Amino acid sequence: MQARYVLLPVLFALMVAVASVGPAPAGTIEGKVTYTGTPPKMKPIDMSKEPTCAKEHNPPLPSENVVTGPGNALQYVVVYISAGEQSAQPPSEPVRYDQKGCTYVPHILAMHTNQPLQIYTDDRFTHNIHPMPKRNPEWNKSQPPGSPPIVEKYDKEEFIPVKCNIHPWMHGYFAVLKTSHFDVSKEDGGFKLPNLPPGKYTITAWHESYGTKTAEVTITGNETKDVDFSFVAKPY
């Protein structure tokens with residue numbers, strides 16, 4: 001009985017110590033991507049060879065190589081941790097790429113290396129999706145209407161242009177990254193990288209036409225660091 005009374009305070013002290021530890025500190029890096037200069041005016045996409053898509057997109061959609069927004073915002077910039085992060089297992093949850101109305105949605109899809117990629121088609125005609133990597137195996141697959149999703153993985157990081165061999169105006173990118181901390185800038189140019197443990201990181205911003213920018217950021221605890229990127233736009 002005496003040993004029991006001795007153990008109870010010890011167990012209570014251990015419970016208090018564990019509860020006081022709390023979750024590990026995690027910071028956030030967020031910011032905005034903008035441009036200076038004069039961006040090119042995107043030409044309307046000619047889908048006349050696929051009348052169903054041409055009818056669906058009236059007026060015609062512009063190309064998405066350079067997409068801008070209010071306040072000189074720059075959309076579709078991949079922002080990610082390129083150095084300073086410990087290696088981690090890729091997510092088991094797949095990322096999804098859609099073919100809708102003769103367009104790729106989203107225009108740029110970011111994913112972790114070895115994360116499952118599922119490619120769907122919602123169109124009533126056949127597509128032929130053809131990613132063109134330099135470091136990963138190249139493939140070229142037909143996808144008739146109603147087919148199950150194409151499932152693939154990439155084990156090496158790189159930015160992979162994607163095209164359709166049947167509809168040459170269809171163009172996009174796979175951003176294969178060796179990190180789970182990434183984002184793609186939105187219409188307002190905003191991005192957010194949450195849940196970062198304390199450490200010193202290199203943040204890279206990549207745009208398909210304007211290249212890359214980097215920044216060094218140190219996270220010391222539960223804090224938010226603001227980092228902005230600016231690219232020089234060219235009219236052609």
Side-chain angles (χ1 to χ4, degrees), residues 22-37 64-67 72-97 106-117 131-138 152-162 172-234:
T28 297
I29 297 172
E30 64 181 17
K32 186 173 181 178
V33 186
T34 58
Y35 69 88
T36 60
E64 295 182 299
N65 303 66
V66 178
V67 180
N72 284 23
L74 189 59
Q75 193 178 354
Y76 294 132
V77 178
V78 183
V79 184
Y80 63 101
I81 301 293
S82 55
E85 183 181 11
Q86 294 184 352
S87 59
Q89 291 296 317
S92 58
E93 182 180 356
V95 292
R96 176 169 176 153
Y97 202 52
H107 175 61
I108 293 182
L109 179 67
M111 68 196 80
H112 197 295
T113 51
N114 287 309
Q115 184 174 6
L117 162 66
M132 296 172 288
K134 293 182 179 179
R135 302 187 64 213
N136 291 280
E138 184 174 354
E152 290 287 344
K153 288 182 181 181
Y154 292 106
D155 63 0
K156 296 181 178 63
E157 55 185 332
E158 67 172 313
F159 295 93
I160 304 173
V162 183
Y173 268 93
F174 295 152
V176 185
L177 308 167
K178 208 169 185 179
T179 176
S180 57
H181 293 100
F182 56 76
D183 199 5
V184 180
S185 63
K186 311 300 187 294
E187 292 181 6
D188 63 355
F191 67 89
K192 188 173 185 178
L193 307 177
N195 303 318
L196 289 166
K200 184 176 181 180
Y201 299 98
T202 300
I203 314 300
T204 296
W206 173 92
H207 186 270
E208 64 179 283
S209 297
Y210 299 143
T212 61
K213 300 282 185 179
T214 60
E216 303 295 327
V217 184
T218 299
I219 296 293
T220 59
N222 295 315
E223 59 182 343
T224 297
K225 290 287 184 72
D226 293 324
V227 178
D228 295 328
F229 293 97
S230 180
F231 289 83
V232 178
K234 300 177 182 180

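None of the values given here were measured: they were computed from a predicted structure.
In this structure, CD on Gln86 lies 13.0 Å from CD1 on Ile81, to the nearest 0.5 angstrom. Rounding to the nearest 0.5 Å places CZ of Phe159 at 5.5 Å from CG of Leu177. Between the CD atom of Glu158 and the OH atom of Tyr173 there is a distance of 11.0 Å, given to the nearest 0.5 Å. Within the model, atoms CZ of Phe174 and CG of Leu117 stand 5.0 Å from one another, a figure rounded to the nearest 0.5 Å. Here the straight-line distance linking atom OG1 of Thr224 with atom CG of Leu196 works out to 10.0 Å at 0.5 Å rounding. Summarising the geometry, atom CG belonging to Asn195 is positioned 11.0 Å from atom CD1 belonging to Ile219; distances are rounded to the nearest 0.5 Å.
Listed here is the closest heavy atom pair of Glu138 and Met132: OE2-CG, 4.1 Å. Counting all heavy atoms, side chain and backbone alike, Pro198 lies closest to Pro25 at CD-O, 3.5 Å. When every heavy atom of Ser180 is checked against every heavy atom of His112, the shortest pair comes out as N-CD2, 3.5 Å. Taking all atoms of both residues into account, the shortest heavy-atom contact from Ser92 to Pro116 is O-CG, 3.6 Å. Nearest approach of Val78 to Val184, heavy atoms of both residues: CG2-CG2, 4.3 Å.
No side-chain heavy atom of Pro94 sits under 4.5 Å from any side-chain heavy atom of Gln115. Within the 4.5 Å cutoff, side-chain heavy atoms of His207 are placed close to those of Val66. The closest side-chain heavy-atom distance from Thr34 to Asp228 is not below 4.5 Å. Put simply, the side chain of Thr28 reaches to within 4.5 Å of the side chain of Lys192, judged on heavy atoms. In this structure, the side chains of Val232 and Tyr210 stay at 4.5 Å or more apart for every pair of heavy atoms. Residues Tyr97 and Pro106 are in side-chain contact: their nearest non-hydrogen atoms beyond the backbone lie under 4.5 Å apart.
Judged as a salt bridge (charged side-chain N to carboxylate O under 4.0 Å, His left out), not a single pair has a partner in residues 196-220 (not counting sequence neighbours). Within the structure, salt bridge (charged side-chain N to carboxylate O under 4.0 Å, His left out) pairs that include any residue of residues 182-191 comprise Asp183-Lys186 (at least two apart or interchain).
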* Stepwise side-chain contact (heavy atoms from CB on, under 4.5 Å) test for Val77 and Phe231 -> CA-CA 10 Å; Val77 178; Phe231 289 83; 4.1 Å; yes

* After noting the C-alpha distance and the side-chain angles of Arg135 and Glu157, does the key distance pass the side-chain contact (heavy atoms from CB on, under 4.5 Å) rule? -> CA-CA 8 Å; Arg135 302 187 64 213; Glu157 55 185 332; 3.8 Å; yes

* Are Val79 and Ile203 close enough, and set up right, to give a side-chain contact (heavy atoms from CB on, under 4.5 Å), and what steps lead you there? -> CA-CA 7 Å; Val79 184; Ile203 314 300; 3.6 Å; yes

* Asked: Would Asp226 and Glu30 count as a side-chain contact (heavy atoms from CB on, under 4.5 Å) if you check the C-alpha gap in whole Å, the side-chain angles of each, and the deciding distance to 0.1 Å?
  -> CA-CA 5 Å; Asp226 293 324; Glu30 64 181 17; 3.6 Å; yes

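Proximity of a side-chain donor or acceptor of Thr202 to a complementary backbone N or O of Ser82 within less than 3.5 Å is not detected. At distances below 3.5 Å, not a single donor-acceptor pair connects side-chain atoms of Asn222 with backbone N or O atoms of Gly27. Side-chain atoms of Asn114 never come within 3.5 Å of backbone atoms of Lys153 as a donor-acceptor pair (strictly under, hydrogens ignored).
The only option from Trp206, Phe191, Tyr35 that meets the side chain to side chain contact (heavy atoms under 4.5 Å, CB included) definition with Phe229 turns out to be Phe191.
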